[in-house]
Amino acid sequence: MQREYVQDLSKLVGQEITLRGWLYGKRSSGKIQFLILRDGTGHCQCVVMKNAVDAATYAACDELSQESAFAVTGKVQATDKAPGGYELFVSSIELGAKAAEYPITPKEHGVEYLMEHRHLWLRSSRPWATMRIRDTLIVAIRNFFHERDFLCFDSPILTPNAAEGTSTLFETKYFEEGMAYLSQSGQLYGEAGAMAFGKVYVFGPTFRAERSKTKRHLNEFWMVEPEVAFMDLEGGMQLAEEFVHYIVGRVLEERQSELAILDDGSGRLVERCQRVMKPFERMHYDEAAKILYKYWDDKLASGEELPPTFKRFEYGDDFGAYDEVALTSLYDAPVIVHHYPASVKAFYMKRDPNEPDKALAMDVLFPEFGEIIGGSQREDNLDELLKRIEEHQLPKAAFEWYLDLRRYGSVPHAGFGLGLERLVMWVCDLDHIREAIPFPRTLTRIWP
RNA sequence: UCCUGAGUAGCUCAGUUGGUUAGAGCAUCUGACUGUUAAUCAGAGGGUCGUAGGUUCAAGUCCUACCUCAGGAGCCA
């Protein structure tokens with residue numbers, strides 16, 4: 001089937017071509033009609049003049065309802081009157097399947113309504129731009145690791161036990177073996193991969209059955225988790241920074257027009273991305289704690305009203321949502337906080353020999369957003385790890401294979417996890433993470 | 001699990017101190033218009049006011065319960 005794509009119009013000026021797609025919108029003015037065609041690569045204004053086409057072609061315009069399929073042939077013209085700078089001067093139209101009355105009109109809709117029609121909403125320009133940026137991030141993630149000789153290492157989605165013992169997992173029956181659980185992290189398997197291949201990354205779906213109800217949580221999301229043998233916490237922080245610079249840099253290079261669609265016209269989306277390209281701030285947990293104490297002291301002294309769910313940060317706590325936003329609002333670039341109290345971190349994180357109450361853990365916090373990356377150097381000493389498993393009251397038997405990694409040539413190693421949707425949400429400046437994935441799964445939504 | 005808020009036309013919303021026949025924009029349909037940008041203009045159709053009960057001469061409006069959804073916290077990526 002002969003056709004050109006809207007994204008290539010700039011190379012086709014003056015030529016007679018055919019575009020195939022759907023009607024995104026239409027404006028008519030008696031003897032002239034403007035059809036907006038959408039073909040997946042972009043939008044094109046198609047101009048139909050009554051005295052330039054035969055009667056049947058002009059009448060065909062009336063048959064086109066929003067989202068009806070059609071093909072249109074005409075000459076490509078450059079013009080500043082058309083969005084995008086190019087339009088098609090129509091000579092003929094071929095009607096395809098007519099669309100029934102379309103539920104999504106050009107006027108505003110509520111998010112709930114749009115999510116009920118997510119399968120159609122994806123055709124609209126904002127989701128379209130978001131998904132193209134998501135695609136660029138995914139390709140960039142794979143390229144980044146591929147170029148650095150990391151092995152793509154797929155971890156299982158069905159797992160035998162509730163490994164980390166922290167979050168609630170989805171469960172399903174597994175033949176005669178009892179219950180299986182959907183993976184909440186590929187990390188432990190990634191560590192086996194690092195011992196076999198040196199440098200690996202796990203990139204796949206992750207499932208958490210938490211009854212989370214915030215704009216930063218999904219129950220099914222995609223996470224990329226590099227794991228490297230002979231890498232310490234410092235190496236992990238360096239890798240995380242280099243990684244973010246690379247993938248966000250790709251969006252800046254390749255997706256300017258999509259960022260413009262999502263922007264309010266101020267250019268702040270590009271500006272935000274450029275902030276991330278700067279060197280990251282780094283601070284010890286103790287320093288961050290000091291800053292937070294002062295921050296909230298000043299806030300309370302100023303008499304400013306704090307949200308009803310606000311809880312004052314105390315030394316030894318993990319940071320809450322308010323703390324992360326507060327801390328990052330003070331800096332231009334992302335902030336890496338390291339050396340969190342071991343008591344608030346996972347059992348597999350190594351403790352700092354010089355500060356035994358601190359874990360060799362780090363979080364990358366994005367400006368005015370919060371955690372996008374969490375990582376650590378892993379405990380590589382068998383006895384220490386056994387102690388942690390006992391302290392956390394985890395079933396030792398379930399971890400025998402993981403303990404083997406320490407029994408047979410244990411080495412220092414580290415890694416981190418990055419939530420893809422959180423990054424998409426931040427780059428696209430979305431109000432809610434559910435718009436960062438094609439079909440979000442949340443507490444109250446498993447449809448469509 | 002906890003806290004807060006919302007449910008009125010296909011969609012987004014207004015509806016005063018309880019008071020006659022329930023309001024607008026968009027969408028749909030009819031008509032006008034040769035450069036529109038969410039086109040505009042004129043007209044038409046479209047309602048179990050979330051559900052159930054209660055108070056009252058009178059309830060979209062007040063009360064009670066329930067349902068659904070949204071926002072925030074915690075958990076985390």
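Order of the sequence lines fixes the chain letters, A, B, ..., with proteins taken first and strands second; residue numbering starts at 1 for each chain.
Using a 4.0 Å heavy-atom cutoff across all strands shown, A:M223 reaches sugar-phosphate atoms only and no base atom. Using a 4.0 Å heavy-atom cutoff across all strands shown, A:T444 reaches sugar-phosphate atoms only and no base atom. Counting non-hydrogen atoms under 4.0 angstrom, A:I372 reaches the backbone sugars and phosphates but no base. Residue A:G320 is classed as a sugar-phosphate contact, given heavy-atom separations below 4.0 Å to backbone atoms only. Counting non-hydrogen atoms under 4.0 angstrom, A:H432 reaches the backbone sugars and phosphates but no base. Residue contacts for A:E220: at a heavy-atom cut-off of 4.0 Å it reaches no nucleic acid atom on any strand shown. A:F310 comes within contact range of no nucleotide atom at all, as no heavy-atom separation falls under 4.0 Å. If you check every strand for non-hydrogen atoms under 4.0 Å, A:K311 touches nothing. Residue contacts for A:Q33: at a heavy-atom cut-off of 4.0 Å it reaches no nucleic acid atom on any strand shown. Among the protein residues, A:F34 comes within range of the nucleic acid bases, having at least one heavy atom under 4.0 Å from a base atom. Nucleic acid contact class of A:L218 (heavy atoms, under 4.0 Å, all strands): base.
Stacking of A:R148 on the aromatic ring of A:Y246 is recorded, both the 6.0 Å distance cut-off and the 45° axial limit being met.
B:rC26 is paired with B:rG10 under the criterion used here, namely a Watson-Crick or G-U wobble arrangement in which both key atom distances are under 3.5 Å.
For the pair A:L443 CG and B:rA70 P, the computed distance is 9 Å after rounding to whole Å.
Taking 4.0 Å as the cut-off between side-chain N and carboxylate O, A:D263 and A:R272 do not count as a salt-bridged pair.
Distance noted for atom C1' between B:rU8 and B:rU51: 15 Å (whole Å). The separation of B:rA59 from B:rU17, taken at their C1' atoms, amounts to 14 Å, rounded to a whole angstrom.
The residue among A:E324 and A:I32 whose nearest nucleotide of RNA chain B lies closer to the 5′ end is A:I32.
Taking 4.0 angstrom as the limit, A:R208 places none of its side-chain polar atoms (N or O) nearer than this to OP1 or OP2 of B:rC76.
Ranking B:rG74, B:rC33, B:rA70 by closeness to the A:S212 side chain, first place goes to B:rG74. For A:E112, counting side-chain heavy atoms from C-beta on, the closest listed nucleotide (B:rC69, B:rU36, B:rA73) is B:rC69.
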